[in-house]
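The structure under discussion appears below in the form of structure tokens.
All residue numbers in this chain count up from 1 along the given sequence.
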Amino acid sequence: MALGALSIASALFILLVNPYDFIFKLKVIFTPGGETYELWRKPPVDLYLRVWLFNVTNREAFMAGEEKLRVQEAGPYVYRELLEHTNVTFNNNGTMTTIPRHPLVWVPEMSNGTEEDILVLPNIALLSYSRSSGRIKDSSLGGGWGLNLLAQQTNEQPLVAMTAKEFMFGYESPLVKLGNKFLPSWINFDKLGLIDRMYNFEGDVATFFTGEKEVKQAGLIEKYRGFDYLPHWEGKHCQKLTGASDATKFPSLIDKNDTLYFYRKSVCRTMAAIFTGEVKNVQGLDAYRYKFPPNALDNGEIDPENKCFCRKGACLPKGLIDVHECYYGFPIAVSYPHFYEADQSLVDAVEGSNPDKERHESYFYIEPKSGLPLDVSFRFQINMYLGDISGVTRAARFKNMALPMLWTEIMMKNLPDDLNNRFILYLNILPVVEKVIMYAFFVAGVFFLLGSMSRVLFLNWDMQKKSADMDFSRGNTQELKRIHLDKIKNCESKPVTEKSKEVEAYYSSLLTTHIEEAVEEGSERERTLKSDVESNNTNTSLYEGLDNISCGSNDSAETFPPQYDLVTFLSLKEDIV
């Protein structure tokens, strides 16, 4: 019976305390050397950056004003991103400070083309200076007239042939060198490459939550560059940063109604992501699909909250976000690839723009309990929005144009097998094991309790049945005394149990009944025996009294009964105990 009670108590403990959830939450919290922390510090995943460049195929006709700009995708050029959080310092307030690193490694076998492909691409330096000429008109580079003169002398063209690698990681330009020489606080590089600038994390310091105070926040951003908001925007909606993910890990214990937030420096803002309703099994793990909501890149035309993404009241067309403050003042605007979900005028202005939901929509498959990303595709396009640059002769053809330069996809398709199997164990198998153990304890406890109750009931029934046929009016008291004292002597070293006490009491009641019957017959010595039993039914004086009981009506010698029923009952009683 005790074993049954212990089993049921164990099952109730598992049900109420839920030790799996308790241990899981402890593992999610980031601690030095902890498993989850190490996975976040240097994720052992295959994370790729895929880049498509917009090669201009009608440079002469466009520049002559004969045709609208026509582009053709080149690529993808694929790089592996070796994400790492370096120089991690744990703080006393439940956060940790780190320097993020995102080095890129060329992956030729996954690329369509080589880094040495010759393409016709925008001259970012000339077009950027053209857009910024009004801001630097009092500088040594002069305004529009000075830039016209400089472009003529250096023979700078707005569209130039260069290798894919030069455009992405740095090409030489006289304008860049001049900028670096005369405006080093603004142009602190002597070569200009778009991916190189996107992946420049020099001086960046980020602070993340450890989850010590709130488990859901483990691995999420608290501050970036010392700010808990984005200072280049105005308004809380546009400045939001705290609680965003850098896509290494999303919130733990996700509910389907939760809105997730994603921050990437190259996009210059935090993006909200919402649950689409789709639950997909990815490598044996259930994952929620998230995507950016409709009109996420609206500038207030549809969603008034997004009005803060306009610059000093000047709003770009729907689908374009002005991010020039994150790109050294260059007139950079981000959109979805091929102007997907953007104003139709942007699509129509460039031949070769073909927005497609399957190819150009971003998505995130996230395991909801751990916040682990299982399948990620983050897609964005980098454009130049040039405004009125008619004052620069060589760039005038691009007046008010949104010029596509490249689009990128940050992609992770699956987890390594060893990591995936580990999370299958943690997230799928161990919760089932916990439930199996709990139900096993319940079943075992009920079984033991029912078994114990059945045994007690059966033995009591069997005892009553056998005792009903026994004659307790007669018996050899000497034999009774000898047997019972031998049993007591054998049992002195054994612990007293509840069952033995119950049987002893039952046996004593039978003895008492026998003595009462003798009293009714008028025997004075049996009255003395009854008194002794009532005062101490286990005292040895009781058995001394039994020696002198006469079974007859006089003091003649006792005649042995033909049946030893009382002796038999004693033996039965002792065997039961």
Side-chain angles (χ1 to χ4, degrees), residues 100 102 122 124-139 141 175-176 179-180 182-189 192-206 221 223-242 244 246 261-272 296-300 305-336 342 378 380-389 400-408:
H102 300 258
I124 301 173
L126 176 62
L127 294 174
S128 296
Y129 284 144
S130 299
R131 183 68 182 94
S132 304
S133 59
R135 301 177 198 168
I136 60 174
K137 61 185 178 180
D138 295 326
S139 75
L141 291 179
L175 293 177
V176 175
N180 180 247
F182 294 103
L183 301 168
S185 61
W186 174 29
I187 309 299
N188 57 1
F189 44 87
L192 178 56
L194 199 50
I195 297 297
D196 179 65
R197 294 298 92 196
M198 289 171 57
Y199 274 74
N200 176 32
F201 291 88
E202 184 178 352
D204 286 10
V205 176
I221 298 171
K223 295 179 181 179
Y224 201 88
R225 286 199 161 197
F227 293 97
D228 59 3
Y229 64 96
L230 300 175
H232 45 269
W233 299 110
E234 295 180 359
K236 290 183 179 179
H237 175 69
C238 295
Q239 290 180 330
K240 179 174 178 55
L241 174 64
T242 299
D246 66 349
Y261 294 93
F262 171 74
Y263 175 75
R264 187 79 176 187
K265 181 182 177 181
S266 58
V267 182
C268 199
R269 58 166 287 189
T270 299
M271 299 287 296
L297 298 185
D298 168 56
N299 285 307
E305 272 195 319
N306 286 346
K307 196 76 174 177
C308 51
F309 288 118
C310 298
R311 298 290 187 179
K312 298 179 180 179
C315 299
L316 299 187
K318 176 192 172 186
L320 279 180
I321 297 293
D322 183 351
V323 294
H324 76 271
E325 290 195 27
C326 295
Y327 285 87
Y328 309 92
F330 296 167
I332 301 297
V334 297
S335 69
Y336 295 138
F378 176 64
F380 263 85
Q381 181 168 301
I382 304 298
N383 314 278
M384 298 187 79
Y385 191 78
L386 296 167
D388 186 3
I389 56 174
N400 295 323
M401 177 181 286
L403 177 63
M405 296 189 291
L406 61 79
W407 72 273
T408 64

Closest contact, heavy atoms only, Arg311 versus His232: NH1-O, 2.7 Å
Of all the heavy-atom pairs spanning Cys238 and Glu305, show the shortest one and how long it is. SG-O, 4.4 Å
Just checking Glu325: does its CD atom have more than 12 heavy atoms from other residues, nucleotides or ligands closer to it than 6.0 angstrom? yes
Quick one: pull up OH in Tyr385 and CG in Asn400 and give me the separation to the nearest 0.5 Å. 5.5 Å
Run the side-chain contact (heavy atoms from CB on, under 4.5 Å) test on Ile124 and Phe330 for me, step by step, so that the C-alpha distance in whole Å, both residues' side-chain angles and the decisive distance to 0.1 Å come before the verdict. CA-CA 8 Å; Ile124 301 173; Phe330 296 167; 4.2 Å; yes
Inspect the contact between Lys265 and Asp204 and indicate whether a charged nitrogen and a carboxylate oxygen are less than 4.0 angstrom apart. yes
Stepwise side-chain contact (heavy atoms from CB on, under 4.5 Å) check, Leu297 with Phe309: CA-CA 9 Å; Leu297 298 185; Phe309 288 118; over 6 Å; no
Can you see which heavy atom on Ala125 is nearest to which on Leu192, and at what distance? N-CD2, 3.7 Å
Once rounded to the nearest 0.5 Å, what's the spacing between atom CD1 of Ile321 and atom CG of Asn299? 4.0 Å
Write down the atom of His324, the atom of Pro331, and the distance for their closest heavy-atom approach. CB-CA, 4.3 Å
Please evaluate residues Ile195 and Leu406 with respect to the criterion side-chain contact (heavy atoms from CB on, under 4.5 Å), reporting the C-alpha separation (whole Å), side-chain torsions for both, the decisive distance (0.1 Å), and the verdict. CA-CA 9 Å; Ile195 297 297; Leu406 61 79; 4.2 Å; yes
His102 and Phe201: aromatic ring centres closer than 6.0 Å? yes
Is there a side-chain contact (heavy atoms from CB on, under 4.5 Å) between Thr408 and Ile382? Walk through the geometry before answering. CA-CA 8 Å; Thr408 64; Ile382 304 298; 5.6 Å; no
Could you check whether any side-chain N or O of Asn306 sits under 3.5 Å from a backbone N or O of Asp298, counting only pairs where one atom can act as donor and the other as acceptor? yes
Taking side chain to side chain contact (heavy atoms under 4.5 Å, CB included) as the definition, give me every residue that meets it alongside Lys240, ordered by chain and number, with sequence neighbours left out. Tyr261
Which heavy-atom pair separates Asp228 from Leu241 by the least distance, and what is that distance? O-CB, 3.9 Å
Going by heavy atoms in the side chains, are Arg264 and Phe378 under 4.5 Å from each other? yes
To the nearest 0.5 Å, how far apart are CD1 in Ile221 and CZ in Phe262? 9.0 Å
Asn383 and Ser335: side chain donor to acceptor below 3.5 Å: yes
Measure centre to centre between the rings of Trp407 and Phe380, then say whether the value is under 6.0 Å. no
Can you tell me how far CE of Met198 sits from SG of Cys326, rounded to the nearest 0.5 angstrom? 11.5 Å
Separation of Leu316 CG from Cys310 SG (nearest 0.5 Å): 7.5 Å
Hey, is the main chain of Trp233 close enough, under 3.5 Å, to the side chain of Gln239 for a donor-acceptor pair? yes
Rounded to the nearest 0.5 Å, what separation is found between the CZ atom of Arg225 and the CG atom of Leu230? 12.0 Å
Given side chains that start at C-beta, do those of Leu127 and Leu403 come closer than 4.5 Å, heavy atoms only? yes
Side chains of Arg269 and Val323 in contact at under 4.5 Å (non-hydrogen atoms): no
Minimum heavy-atom distance Tyr263-Cys268, with the two atoms named: CE1-C, 4.4 Å
Check whether Tyr327 forms a cation-pi arrangement with Arg197 (NZ or CZ under 6.0 Å from the six-membered ring centre, at most 45° off the ring normal). no
